[in-house]
Amino acid sequence: MTDVSKVYSNGSVALSDVSVNIAEGDFVFVVGPSGAGKSTFIKLIFREEWPTNGQIIVNGRNITELSLREVPFLRRGLGIVFQDYRLLPNKSVHENVAFAMEVIEAPRREIQKRVNHVLELVGLRDLARNLPSELSGGEQQRVAIARAIVNKPRVVIADEPTGNLDPDTSWEIMKIFEKINEDGTTLVMATHDKTVVDAMKRRVIAIEKGRIVRDEAIGVYGYEG
Amino acid sequence: MKVRTVEYFIREAIVSLKRNGLMSIASVSTVALSMLILGLFLVMVLNLNHMASVLESQVQISVYLQDNLSDREMREVGTKITKLPGVTMVTFVGKEEAMTRFKQRLGEQQGLLSALGDTNPLPNGFEVKVDKPEMVKPTAQAIAQFKGIETTKFGQEVVEHLFSLTKMVRWFGVLLILFLALAALFIISNTIRITVFARRKEIGIMKYVGATDWFIRWPFLIEGVILGLGGALIAVFLLAEAYGMLTSKVYESLAFLPLIPRSPFIANISGLLLVLGAMIGALGSTISLRRFMKV
């Protein structure tokens, strides 16, 4: 992961003149009130949104120059976790995670090995045969995390991953993220979960009205509520 | 592309075909109907064309001579006709011969001729055959220039009627087929649209984990092709059966009607229909995929 610097505006200016550098192995929180531009920030990294201006470099590639055909290959180097989990309801936990590898045509034996490994990592080995609907919210989010990391991405991006979870469960999720980060994976997490940010004592980038208002190496959430 | 991936594509296509069973059946039937009608028209047009050209090649020129010619003059005209390029046969038909034929043709109504008494108003003449159908008209015109010729006639009208009939059928057919092909396209693209819509979440996830557009597209494309091909297969089967029955009936009772033999004629048309069906299927799914692929 190299320097991510950007300058943009987006119709109703979601982000303007934002420059930021996230180094490989970093664990970064992106905080700010709703509508401040956190989600846009996240979406720009995996090219769901296109910047109006500026450059974004992810994993050493300038993704603003990426053609549509290359986007899938960018995303293979990223793991993405959403607030609403986005699991396939009619596939088992194991199948949901394996799906991410099938889609990139990984060899079957490797899929078996990796899926078992990441399910172990998130502590869901015993629930591998269950359907997502049989799991709690926290468990479902762990499945989503397993799916995000199964292809060994260098960067994991999480958009409000604890938004739908209670504090205890959120904390479990954060433990897993911490573990993933210790293995050398860069983590970028958008959140407005004050407790989580304050407890983790990690780098915090605060965005307000589309601008970076604060960037601290060991930061706190800094807002009330 | 790996074998396992292809397996996956086909499995996905079949699963979704089953999932929207009713729409699938509707699509297949629409394609079947359009392809059947297309096939019937093709068979009809090609057969009419065939008949017209068979008839045309059989057309002979009737040459009628003026009444005041001597035997020698008549023979001279005969020789001159024989020497024309493309002429293969010249037969003399005298007044008496012509009358006998006329009587035969009238059949039970021969009595009408008694009014003529002993006079025979029919002229002497020749029947001329040529080697190529397109030589009929120029030859007839050339003969008409000779001295002592009253008039020349050939089955021009019949052939021209047949050709204009073929033309009409062809135009009507083209319009109908175009309309039906569009209907089939519409139904297939709708079926695929329903599938894509039902699976838009899955498609989104596939895109987020880095599936290529083609990886996502293939199952839908295969689904469309199966729908199109399935419909075309039904049409081909029905058409082949129907034509087989028709030809055997015609050969039994109306042997003079020149139909195109069943094989390889039907096999060719079947091939065309199958290719067309598959193409309509692929096009239908491409149309509806276009809008949903942008995630």
Side-chain angles (χ1 to χ4, degrees), chain A residues 42-43 45-50 58-59 66-82 84-91 95-111 132 143-159, chain B residues 1-24 191-224 282 285-295:
Chain A
I42 293 291
K43 282 176 182 165
I45 302 176
F46 62 93
R47 250 301 301 279
E48 177 154 340
E49 298 290 344
W50 206 314
V58 177
N59 286 341
L66 232 49
S67 73
L68 275 176
R69 301 169 132 266
E70 292 172 301
V71 172
F73 301 96
L74 159 78
R75 291 185 180 162
R76 287 174 194 192
L78 301 172
I80 308 168
V81 179
F82 298 96
D84 55 357
Y85 326 131
R86 302 202 187 171
L87 301 174
L88 295 171
N90 46 6
K91 283 182 158 55
E95 286 166 344
N96 259 289
V97 178
F99 186 68
M101 290 186 83
E102 273 165 15
V103 152
I104 62 165
E105 298 180 64
R108 186 169 291 174
R109 195 177 300 171
E110 209 191 308
I111 294 180
V143 178
I145 295 169
R147 183 183 61 197
I149 61 172
V150 75
N151 285 326
K152 300 182 187 168
R154 288 163 71 191
V155 183
V156 168
I157 299 160
D159 192 0
Chain B
M1 203 185 292
K2 294 180 181 176
V3 178
R4 192 165 58 79
T5 310
V6 176
E7 268 172 38
Y8 163 85
F9 290 155
I10 294 170
R11 202 173 55 234
E12 289 295 304
I14 290 169
V15 164
S16 92
L17 275 174
K18 279 188 198 153
R19 193 157 27 195
N20 23 355
L22 238 108
M23 270 310 272
S24 300
T191 309
I192 302 289
R193 201 200 316 264
I194 286 171
T195 317
V196 176
F197 190 72
R199 300 179 61 184
R200 66 195 182 285
K201 237 177 117 179
E202 200 170 331
I203 292 174
I205 292 166
M206 286 170 95
K207 298 209 87 175
Y208 289 132
V209 298
T212 55
D213 283 357
W214 272 107
F215 189 91
I216 298 168
R217 230 174 252 148
W218 270 112
F220 298 111
L221 217 56
I222 292 172
E223 186 181 346
S285 51
T286 314
I287 290 172
S288 41
L289 271 173
R290 249 203 168 121
R291 272 187 255 163
F292 281 92
M293 284 302 281
K294 292 186 182 101
V295 178

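Remember, predicted model here, so these are calculated numbers, not experimental data. Order of the sequence lines fixes the chain letters, A, B, ..., with proteins taken first and strands second; residue numbering starts at 1 for each chain.
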Taking all heavy atoms of E105(A) and all of T5(B), pick out the closest pair and write down the distance.
OE1-OG1, 3.0 Å
All heavy atoms of V209(B) vs all of V103(A), minimum pair found to be CG2-CG1, 4.0 Å
Could you look at A106(A) and say if it's the side chain, the backbone, both or neither that has a heavy atom under 4.5 Å from chain B?
backbone
Pick one of side chain, backbone, both or neither for L87(A), based on which atoms fall under 4.5 Å of a heavy atom in chain B.
backbone
Is there a side-chain contact between R76(A) and T212(B), using heavy atoms and a 4.5 Å cut-off?
yes
Using the test ring-ring contact (aromatic ring centres under 6.0 Å, His included), find all partners of Y85(A) that sit at least two apart in sequence or belong to another chain.
none
Rounded to the nearest 0.5 Å, what separates atom [atom1] in [X] from atom [atom2] in [Y]?
{"X": "R75(A)", "Y": "M206(B)", "atom1": "CZ", "atom2": "CE", "answer": "13.0 Å"}
{"X": "R69(A)", "Y": "W214(B)", "atom1": "CZ", "atom2": "CH2", "answer": "9.5 Å"}
{"X": "N90(A)", "Y": "E202(B)", "atom1": "CG", "atom2": "CD", "answer": "6.5 Å"}

Parallel, tilted or perpendicular, as decided by the 30° and 60° cut-offs, for the rings of Y208(B) and F82(A)
tilted
Given M101(A), R108(A), E102(A), the one with more heavy-atom pairs under 4.5 angstrom with chain B than any other is R108(A)
